[in-house]
Amino acid sequence: MDRPVRKSPRLKGYDYSLCGAYFLTICTYKFQNLFGKIYFTLQENSIDLSHIGAAVQKNLDALPERFPDFEILNYVIMPNHLHILVLKVDLGTSKNRTISDFVCALKSLTTREIRLNYPSKQIWKESFHDHIIRNDRDLAIHWDYIEQNVNRWQKDKYFNSQIDH
């Protein structure tokens, strides 16, 4: 049986092992609110991470140890997705890892940990979205987007009022 050919979300012809900054969006399976809940206050909105969200944060924070050629510049964990600004640097090693390798490792490590308590839980949506940062202005726009994402949760395109964790 022939399966349909899935269109790649990566930029055709671009070498994702190149040094530079990238803005990544990684979503949960079926956009379930697995990572936590947003609390709204008059001063500042915040996210209270679930056990799954805390595992994502722990593995994301530890990932540069495994991938020293990637520096996490900024990130935000939302109830059903996360945004990461990451910088790929050249360490002059023979390993030429890509953004996909970085995301795959995050998903794999987190899934392995979560499955200890939730053996059949599907956590991640297939693939991820990326944006290649082109200049300082582009970096500032995406940095601000991450900083303000919690405050804009109810207007976010991924907003889902259901609590699934």
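- By the 30° and 60° cut-offs, the orientation of the rings of His131 relative to His142 is parallel.
- With hydrogens and angles disregarded, a donor-acceptor distance shorter than 3.5 Å links the side chain of Arg134 to the backbone of Ile132.
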Q. Stepwise, does the side chain to side chain contact (heavy atoms under 4.5 Å, CB included) test hold for Asp144 with Ile146?
A. CA-CA 5 Å; Asp144 184 61; Ile146 286 174; over 6 Å; no
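- Closest non-hydrogen pair, Leu87 versus Ala21, comes out as CD1-N, 3.9 Å.
- Under the 4.5 Å side-chain contact rule for hydrophobic residues, Phe40 and Val150 share a cluster.
- Under the 4.5 Å side-chain heavy-atom criterion for Ile, Leu, Val, Met, Phe, Trp and Tyr, Tyr39 and Ile77 are members of distinct hydrophobic clusters.
- Between Leu24 and Val103, the closest side-chain pair of non-hydrogen atoms falls below 4.5 Å.
- Expressed to the nearest 0.5 Å, how far SG of Cys27 lies from CG of Leu34 amounts to 11.5 Å.
- Heavy atoms from other residues, nucleotides or ligands lying under 6.0 Å from CZ of Arg66 number 12 at most.
- The shortest heavy-atom contact between Pro79 and Gly36 is CB-O, 3.4 Å.
- Within the 4.5 Å cutoff, the side chain of Val86 has no heavy atoms near those of the Leu73 side chain.
- Taking 4.5 Å as the limit, some side-chain heavy atom of Met78 sits within range of a side-chain heavy atom of Val76.
- The shortest side-chain heavy-atom distance between Leu60 and Gln57 does not fall under the 4.5 Å cut-off.
- Proximity of Ile99 to Phe70: side-chain heavy atoms (C-beta onward) are separated by under 4.5 Å at one or more points.
- Looking only at side-chain heavy atoms (C-beta outward), Leu49 and Val56 stay at 4.5 Å or farther from each other.
- When only modelled atom types and interatomic distance are considered, Asn80 and Gln32 share no side-chain donor-acceptor pair under 3.5 Å.
- More than 12 non-hydrogen atoms from other residues, nucleotides or ligands lie less than 6.0 angstrom from CG of Asn135.
- Geometrically, Arg97 engages Phe67 in a cation-pi contact defined by less than 6.0 Å to the ring centre and at most 45° from the axis.
- Geometrically, Lys125 does not engage Phe128 in a cation-pi contact, judged by NZ or CZ lying under 6.0 Å from the ring centre and within 45° of the ring axis.
- Atoms CG and CG, on Leu109 and Leu63 in that order, are 6.5 Å from each other to the nearest 0.5 Å.
- Only one option out of Tyr75, Phe35, Tyr145, Tyr22 pairs with His83 in a ring pair (Phe, Tyr, Trp, His ring centres under 6.0 Å); it is Tyr145.
- No side-chain heavy atom of Asp130 sits under 4.5 Å from any side-chain heavy atom of Phe23.
- The OG1 atom of Thr110 sits 7.0 Å away from the CD1 atom of Ile123 when rounded to the nearest 0.5 Å.
- One distance of note links CG of Asp69 with SG of Cys19; it measures 8.0 Å at 0.5 Å rounding.
- Using modelled atom types, one side-chain atom of Thr111 and one backbone atom of Lys107 make a donor-acceptor pair closer than 3.5 Å.
- Distance check, rounded to the nearest 0.5 Å: CG of Leu106 to CG of Asp101 gives 13.0 Å.
- Ion pairing of Glu113 with Lys58 is present here, as a side-chain N (NZ or NE/NH1/NH2) and a carboxylate O approach within less than 4.0 Å.
- No side-chain donor from either of Trp124 and Thr28 sits under 3.5 Å from a side-chain acceptor of the other.
- Counting heavy atoms from C-beta outward, Asn74 and Ile72 have side chains that stay 4.5 Å or more apart.
- In this structure, Arg112 CZ and Asn59 CG are separated by 9.5 Å, a value rounded to the nearest 0.5 Å.
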